[in-house]
Asker: 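Have a look at the structure that comes next, please.
Worth saying up front: this structure is predicted, and the values here are computed from it rather than measured. Naming: A, B, ... by sequence-line order, numbering from 1 per chain.
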Amino acid sequence: MTTNPYIIDDPAGHDFRLNRETLVDPAVLTAEREQVFDQCWIYAGHESEVPNLGDFVTRDVAGRPVILTRDDGGDVRLLLNTCRHRGARVCRERDGNTKRFYCFYHGWSYGNDGSLVAVPGDDAYPDGFDRSKLGLIEAPRFENYRGFWFASFNRTVADLDTYLAGAKEYIDLVVDQSADGNMEIVSGIQEYDIAANWKLLVENSFDDYHLHSTHSTWLEYMKDSGVDIKVPKGLLLPKRGIGRDLGNGHAVIDNINFRGRPVATWISIYGEEAKPAVEAAKAELVARLGEDRAERVANTNRNLFVFPNLMINDGSSVTIRTFWPQAADRMQVTAWALGPVGESAIMRKVRLDSFLTFYGPGGLATPDDVEALEQVQAGLTSTVKEVPWSVMTRGIAKDGEQLNSDELHLRTFWRRWNTLMTGQTAAAEAAE
Amino acid sequence: MTVTREAVEDFLFHEAALLDAWDLDGWMALLTEDARYLIPPNDVPDGDPDTTLFIIADDIHRIRGRVKRLKSRDAHAEFPPSRTRRLITNVRILERGENDVTVAANFSVHRFRRGGKGGEYVGRYIYRLRIAEDGFRIAERRAILDAEELGGLGAVSFIL
């Protein structure tokens, strides 16, 4: 384990440096599992994934195999996918609808609320064998905000509403795209690995400093599609955007839109036939929310980071992305598209098409992010003795607002992470 | 022209050779003016790109953009370009129309990068080939991966 501090954080001295061992050392990852992931609220799924009684999906949340289910009483639950008898997973399908989860090993079966309903040969068990105490174990805490369900394995964690702090305002901006406030996960999951430390994807997912160099081919494609990508003096992106600290380690980049957005701005690659639908979507927002709020929802875009491992990128489409470290130098990424329930067929088509231009393992941009993170990991892993520190001071000397291409939002993440890992109080940077 | 399995195989093997050689302009010349290139998500291999989030769902405009990107030095995921070797087998004609033919084939595409990176992309193609005077043109190619998730393959940054 490193003997240097994880971060050197001196806003007054305009210094912020990151100890590269935090991205390399397996002992840091072991500590993170307990001190970060097991202390926080972790995104588990969206209510739309289990719309009907008996619906379920299986996945890993905070490293545990879980079943996200809607039981016969209509309650959404998060059950640990491990039999109380010997431990086998009781559900191996990706998703489905069922009354029972059945462990094929010895035949114990559970209701879709996790209760133990049948044990073969239970007359051999002694007195005191109580089936009612042997249901599937649930996540100790499980709460939702506007349809986004989070689990915590810390029984004493603050309630989700308090935890989300300033992030709620930005989740609201995403959900306000829907006329009736209902959003849904669209069919089709993108699951891919990146051979890099998970914290590099936190940074990358809302680091607008890299856009012009890493994604020049995407910008070129946008330009060829009629989007104005000229960069005004003083900026690195075509339109202005800021980075904000939202409390509790959450942060956001909050940008004026310069590209197409299915809820607001038609661009030629959406096709002529989609133009009236995009205009109608904007008109619906104005009628429902008023000019100002509609403009805020439609013509600004945001990459919202919910500490420690959820990104909601509301840009050319809405991406929900979470990631989990398998090792210090490897992570699993899961990404979904989110859209309003009941949107028209043409709008859904535009939304998905717009998603794929930038995002995902076959997009015109994400593969270059994957490559960048893998190059970072390869570059720093075996040089950490010679090159122990990374520089992260963009914007730190500014008095007021910091841009999306500054690094306030990245430092916000690292400060919260450092507090959880070391107990040190985070330094305060100039207030907004 | 006569549509035989042998003719279809010759065409698919030719396409594979062009892609392995990174002759992307040569490959573009095999496409129709309204061609589509699709890779469904691993969990919904039979999905419809209008209602399901794909890995790739390109119309001809984005195919052109993708090729332009891949030919530049700034497609970082493919610079230097991966070495690939495509094994195309089990070619079958599924349906024969007046102007087009639907074809299935299995693929195993090996990708190599410096430092031992890369991977094996295994699956099947469904092609819709238009029959022209001088041979076939690709109207749609759908590459369906067999893996349950993309996982260690990471990205599909080259033309699969």
Asker: As an exercise, state the distance from CZ of A:R348 to OG1 of B:T52, rounded to the nearest 0.5 Å.
Answerer: 9.5 Å

Asker: What's the spacing between A:I185 CD1 and B:L53 CG if we round to 0.5 Å?
Answerer: 10.0 Å

Asker: With chain A as the partner, which of B:D58, B:D50, B:I56, B:V156 has the greatest number of non-hydrogen pairs under 4.5 Å?
Answerer: B:D50

Asker: Can any side-chain N or O of B:D74 pair as donor or acceptor with the backbone N or O of A:S216 at less than 3.5 Å?
Answerer: no

Asker: Specify which of B:L150, B:V44, B:D43 makes the most heavy-atom pairs with chain A at under 4.5 Å.
Answerer: B:D43

Asker: Go through the atoms of A:V186 and report whether side chain, backbone, both or neither lie under 4.5 Å from a heavy atom of chain B.
Answerer: side chain

Asker: Looking at chain A, which one of B:I39, B:T51, B:L153, B:L160 has the largest number of heavy-atom pairs inside 4.5 Å, strictly under?
Answerer: B:T51

Asker: If you count heavy-atom pairs under 4.5 Å with chain A, which of B:S72, B:P40, B:G154, B:G47 comes out on top?
Answerer: B:G154

Asker: Counting heavy-atom pairs under 4.5 Å with chain A, which one of B:P49, B:G151, B:G115, B:A57 comes out on top?
Answerer: B:G151

Asker: Mind checking the CD-CD1 spacing from A:E191 to B:I55? Nearest 0.5 Å is all I need.
Answerer: 10.0 Å

Asker: Using a strict threshold of under 4.0 Å (side-chain N to carboxylate O), is an ion pair present between B:R113 and A:E371?
Answerer: yes

Asker: Which atom pair, heavy atoms only, marks the closest approach of A:D193 to B:G152?
Answerer: OD2-N, 3.3 Å

Asker: Has the side chain of B:H76 got a donor or acceptor atom that lies under 3.5 Å from a matching backbone atom of A:T214?
Answerer: yes

Asker: Under 4.5 Å from any heavy atom of chain B, what part of A:R94 do you find: side chain, backbone, both or neither?
Answerer: side chain

Asker: Which members of residues 217-225 of chain A, sorted by number, sit under 4.5 angstrom from chain B on a heavy-atom basis?
Answerer: A:T217, A:E220, A:Y221, A:D224, A:S225

Asker: What's the shortest heavy-atom distance between B:A75 and A:D368, and which atoms?
Answerer: C-OD1, 3.7 Å

Asker: If I measure from the heavy atoms of chain B, does A:I194 come under 4.5 Å with its side chain, its backbone, both, or neither?
Answerer: neither

Asker: Tell me whether A:Q190 contacts the main-chain N or O of B:N42 through its side chain, where contact means a donor paired with an acceptor under 3.5 Å.
Answerer: no

Asker: Side chain, backbone, both or neither: which part of B:F54 has an atom under 4.5 Å from a heavy atom of chain A?
Answerer: both

Asker: For B:E6, does the CD atom sit with more than 12 other heavy atoms under 6.0 Å from it, leaving out its own atoms?
Answerer: no

Asker: Which one of B:H61, B:R62, B:R64 has the most heavy-atom pairs closer than 4.5 Å to chain A?
Answerer: B:R62

Asker: Chain B contacts: which residues in residues 349-367 of chain A have a non-hydrogen atom closer than 4.5 Å to it?
Answerer: A:K349, A:L352, A:D353, A:F355, A:L356, A:T357, A:P361, A:G362, A:G363, A:L364, A:P367

Asker: Is any side-chain heavy atom of A:E374 closer than 4.5 Å to one of B:K117?
Answerer: yes

